[in-house]
Amino acid sequence: MSVISRLDVLNVRNLSNVKLLPAQKLNLIFGDNGSGKTSLLEAIHLLGLGRSFRSQKLDSIIQNEKEECVVFCELAEGASIGLSKSRRQGHQLKLMGEKQRNWADAARHLPVQILNSESFLLLEGSSKVRRRYLDWGVFHVEQDFVGAWRKAAKCLAHRNLLLKQRSPDRDQLAAWDIELCRLSELIDSSRSEYFALLCPALLETVAKLIDLPDLNLQYCRGWDNTADLASVLKAGLVKDLKYGATQHGPHRADLVVKIGRSDAVEILSRGQQKLLVSAMKVAQGYLLSQLIGVKSVYLLDDLPSELDASNRRRVCALLDELDCQVFMTCVDPEDLEKSWPAGLMPRKFHVEHGKIAQRY
Ligand SMILES: Nc1ncnc2c1ncn2[C@@H]1O[C@H](COP(=O)(O)OP(=O)(O)OP(=O)(O)O)[C@@H](O)[C@H]1O
Ligand SMILES: [Mg+2]
């Protein structure tokens with residue numbers, strides 16, 4: 001179970017020096033616009049995923065006029081994760097005080113799911129967003145996935161570099177193709193195995209939130225289902241050379257979400273979309289705890305927007321069932337007062353001009 005028992009945030013956006021002892025279950029972060037609520041979630045997200053959900057470059061999260069930002073957390077199970085990022089150097093990540101070369105081990109200790117205004121991109125954004133969503137689950141349940149994924153990304157980069165040359169060396173191209181095809185098979189089989197588990201879990205979760213009998217999900221692997229990648233690459237070489245980039249492969253995989261024959265985003269209201277993406281996020285947390293017994297930490301930025309009172313209650317009831325740690329933000333705590341099941345008292349934190357105080 002992943003539970004943050006202590007969180008220290010230094011110089012992240014307007015949060016100069018914040019120390020928090022969060023509750024094991026529900027934490028309510030409230031405060032006026034611009035007070036620093038989203039920045040707090042961003043700090044947690046950084047520890048679990050190594051990236052911000054707002055900025056491509058980590059530099060923008062460092063507080064103006066400051067040289068460095070630091071986020072540190074202790075988990076109830078005993079592990080600790082620390083991240084520092086200075087303006088002059090790259091970031092440094094530590095797990096239990098030990099320097100990490102990449103994010104994989106830290107991320108396994110702290111699976112984080114976020115639900116915010118960006119989550120709509122799961123339906124309306126590019127396939128990259130849905131691949132990331134799918135791969136989050138595959139990464140956590142399948143240990144070897146990340147290695148295959150990294151190697152495939154390298155192969156693709158090399159292949160694309162060759163494709164950009166006027167007359168690429170065909171032998172080199174063939175060598176990269178062999179390795180890319182091998183890795184692509186591994187990636188595809190991990191993804192499709194995970195999808196086969198995710199799909200029923202997701203439909204079940206959706207049914208608890210919204211009546212969508214025609215909802216259907218499909219995993220597309222990124223190349224013709226009836227052909228092997230080697231022949232697809234061969235047949236597509238002229239096009240690949242024209243674009244200077246590989247047009248088919250696992251980097252083009254997608255998760256298609258439809259209502260009947262139409263894309264969900266074209267049919268559903270904004271509130272219904274929010275319920276659907278909430279279900280998508282909750283289903284992954286549920287599956288993770290079923291498959292590997294690890295609970296995710298949920299970050300919910302401004303849940304009240306777009307959802308009426310009864311739907312807020314439904315989403316909160318689902319999270320309550322998951323029995324995981326939740327950080328929820330809102331401007332006015334009254335907006336969420338009756339959303340949570342009776343008897344569960346959130347730990348409340350008031351954010352004001354970058355300072356956070358627990359409220360009793
Ligand atoms: N690098 C930075 N250094 C200092 N302050 C920053 C930096 N980046 C953003 N800010 C400021 O931090 C403040 C907190 O932003 P944040 O998005 O966390 O607020 P919020 O409480 O979520 O507000 P809202 O209710 O509007 O969503 C804002 O005033 C923002 O302008
Ligand atoms: Mg905000």
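Computation of the quantities below employed the complete heavy-atom set of this structure, encompassing side-chain atoms and omitting hydrogens, waters and symmetry-equivalent molecules. Order of listing sets the numbers, starting from 1, for every ligand and every atom in it.
Ring-plane geometry between F53 and H45 is classed as perpendicular, the angle between the planes exceeding 60 degrees on a 0 to 90 degree scale with a lower cut at 30.
Nearest protein neighbour of atom 28 (C) of ligand 1, counting heavy atoms only, is G34 O, 3.7 Å. Closest protein heavy atom to atom 26 (O) of ligand 1: N33 ND2, 3.2 Å. For atom 25 (O) of ligand 1, the closest non-hydrogen atom of the protein is K37 NZ, 2.7 Å. For atom 18 (O) of ligand 1, the nearest non-hydrogen atom of the protein is S39 OG, 2.6 Å. Looking only at protein heavy atoms, the nearest one to atom 3 (N) of ligand 1 is N64 N, 3.0 Å. For atom 11 (C) of ligand 1, the closest non-hydrogen atom of the protein is N14 CB, 4.2 Å. Scanning all protein heavy atoms for the shortest distance to atom 22 (O) of ligand 1 gives T38 OG1, 2.7 Å. Protein heavy atom at the shortest distance from atom 9 (C) of ligand 1 is R13 CD, 3.7 Å.
D135 and R191 are joined by a salt bridge, as a carboxylate oxygen and a charged side-chain nitrogen come within less than 4.0 angstrom of each other. Taking the charged nitrogens against the carboxylate oxygens, R131 and D254 have no contact shorter than 4.0 Å, which rules out a salt bridge. Under the 4.0 Å criterion applied to side-chain N and carboxylate O atoms, D301 and K37 are not assigned as salt-bridge partners. Electrostatic pairing of K355 and E352 does not count as a salt bridge here, judged by no charged N lying under 4.0 Å from a carboxylate O. Checked for salt-bridge contact, R261 and D214 miss the test: no charged N lies under 4.0 Å from a carboxylate O.
In the displayed structure, Y286 atom OH is contacted under 6.0 Å by at most 12 heavy atoms of other residues, nucleotides or ligands. Residue K164 qualifies as enclosed at atom NZ: its count of foreign heavy atoms under 6.0 Å is above 12.
Close approach of ligand 1 to S60 (heavy-atom distance below 4.0 Å) involves ligand atoms 1 (N). Proximity to D32 (heavy-atom distance under 4.0 Å) selects the following atoms of ligand 1: 21 (O). Against a heavy-atom cut-off of under 4.0 Å, I62 is close to the following atoms of ligand 1: 1 (N), 2 (C).
Only side-chain heavy atoms of R54 come within less than 4.0 Å of ligand 1; its backbone N, CA, C and O stay farther off.
Between the Mg ion (ligand 2) and T329 there is no N/O/S contact shorter than 2.8 Å.
Through direct or indirect side-chain contacts shorter than 4.5 Å among Ile, Leu, Val, Met, Phe, Trp and Tyr, L21 is connected to no other residue.
Using a 4.0 Å heavy-atom cutoff, K66 is absent from the residues neighbouring ligand 1. Not a single heavy atom of T329 sits closer than 4.0 Å to an atom of ligand 1. Under a 4.0 angstrom heavy-atom cut-off, G31 registers as lying outside contact with ligand 1.
Side chains of D228 and S231: a donor on one and an acceptor on the other come within 3.5 Å. Between N160 and Y243, the side chains place no donor N or O within less than 3.5 Å of an acceptor N or O (distance only, hydrogens not considered).
When distances from atom 30 (C) of ligand 1 to the protein are checked, no heavy atom turns up under 4.0 Å.
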